[in-house]
Amino acid sequence: MKRVGVLFSGRGSNMAALLAAPGLEGRFVVAVSNREDAAGLRLAAAHGVKTVCVGHRGFADRAAHERAIQEALLAEGVEVVCLAGYMRRLTPFLVGEWTGRMLNIHPSLLPCFPGLDTHRRALEAGVKLHGCTVHLVTEEVDAGPILAQAAVPVLAGDDEATLAARVLRQEHVLYPTALRLFLEGRAGAADAAATLHNPLPGAAGAP
Ligand code: GRF
């Protein structure tokens, strides 16, 4: 059982999906927020997971803030980190500490639409397929090796809210699935890719 930590900043719905996932070869030992008002703090506590808030104000620089986060993770013996709506750009320090052991979920089919406002940009671009990606974190934002993706159709009449909601439903299935495979050493392998290609109810191409 790997010891897993989560970093988040807000609502925490992806974190809640991870915490509720059955059959993981891992145990969530700490959830760290950079915001005291993050709704996800209550969700994590409700799952019996230790919560730590490391506010980003008051530190000399980003790396100093990240050193405090790193201490919180190491204090719980964390071995794998999941970013779940963690809205601070990471410095090379924290990325370097977790190379190959830090996952992120991003609400687009990377490499399309890295960064913010993915749903608005997808609508503006007129793409017919959109979705979400779980990837390993590297120094370049949203550019690390892709572990899993789920696609959804963009429908006539969609606005940002309807598209975001359709993608979010897939995020809540994709992230636990990708983490499960990762913890089993199977993420990114051929069988994982086969398992995760549009298998999700409501995904484009799903029966
Ligand atoms: C999700 O859309 C996730 O893909 C992105 O930030 C959002 C976080 O939502 N990285 P939540 O806090 O998990 O509800």
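The figures that follow rest on heavy atoms only: side chains count, while hydrogens, waters and symmetry mates do not. These figures come from a predicted structure and were not determined experimentally. Note that ligands are numbered from 1 as they come in the structure, with each ligand's atoms numbered from 1 the same way.
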query = With sequence neighbours left out, what residues match H106 under ring-ring contact (aromatic ring centres under 6.0 Å, His included)?
reply = none
key: Heavy-atom closest pair, residues Q70 and E97   = NE2-OE1, 3.3 Å
inquiry  = Show me which atoms of ligand 1 lie under 4.0 Å from any heavy atom of P107.
reply    = 2 (O), 4 (O), 5 (C)
task = Would you mind running through ligand 1 and noting each atom that sits below 4.0 Å from a heavy atom of R11?
result = 9 (O), 11 (P), 12 (O), 14 (O)
query = Which residue from A84, S9, G85, S13 reaches closest to atom 11 (P) of ligand 1 through any of its heavy atoms?
reply = S13
request  = Nearest heavy atom to atom 13 (O) of ligand 1 wins, so pick from N14, L174, L43.
outcome  = N14
note = atom 1 (C) of ligand 1: closest protein heavy atom, distance to 0.1 Å, is E171 OE1, 3.2 Å
query = What residue and heavy atom of the protein are closest to atom 10 (N) of ligand 1, and at what distance?
reply = I105 O, 3.0 Å
task = Output the distance between atom CD (Q170) and atom CD1 (I105), rounded to the nearest 0.5 Å.
result = 10.0 Å
ask   = What's the spacing between L183 CG and K2 NZ if we round to 0.5 Å?
value = 7.0 Å
inquiry  = For ligand 1 and G12, I'd like to know whether there is a polar contact (N/O to N/O, distance under 3.5 Å).
reply    = yes
Heavy-atom donor-acceptor pair, Q149 side chain to L110 backbone, under 3.5 Å = yes
query = Is there a side-chain contact between W98 and L90 (heavy atoms, below 4.5 Å)?
reply = no
